[in-house]
*Asks:* 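Structure incoming, see below.
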Amino acid sequence: MNLDPMSLTYLTQVHEPAPEARFREEYARARAARARKHDELVDPEQRKAASLLRERVVVNIGRFFARPS
C-alpha cells in the first residue's frame, strides 16, 4: 500500500517532526558517521605516499607519450 507523504504528516504527534524530515536527519547522521569511519581507516602517511605515487605515474606516462617517435 502506497501512502502519500503528506498523509503521513497527519499520523505524527503535534511537536514531532514529519517523517521526511526525520529521514533526512537520519540519512545525514549516517552519512557523517560513514565519512568519519572512512577517514579513520586511511593513514595520512599512506594517503600522502599514494598521492606521490599517482603523481609519478602521471609524469612517467606523460613522458612516454611526449617522447619523439
*Asks:* Please evaluate residues N60 and R63 with respect to the criterion side chain to side chain contact (heavy atoms under 4.5 Å, CB included), reporting the C-alpha separation (whole Å), side-chain torsions for both, the decisive distance (0.1 Å), and the verdict.
*Replies:* CA-CA 5 Å; N60 289 338; R63 284 184 188 151; 3.7 Å; yes
*Asks:* For R56, what residues pass the side chain to side chain contact (heavy atoms under 4.5 Å, CB included) criterion, not counting sequence neighbours?
*Replies:* L53
*Asks:* Going by the rule side chain to side chain contact (heavy atoms under 4.5 Å, CB included), which residues pair with R67 if we only count those two or more places apart in sequence or in a different chain?
*Replies:* F64
*Asks:* For E26, give me all partners under side chain to side chain contact (heavy atoms under 4.5 Å, CB included), at least two apart in sequence or on another chain.
*Replies:* R22, R29
*Asks:* Using the test side chain to side chain contact (heavy atoms under 4.5 Å, CB included), find all partners of A49 that sit at least two apart in sequence or belong to another chain.
*Replies:* none
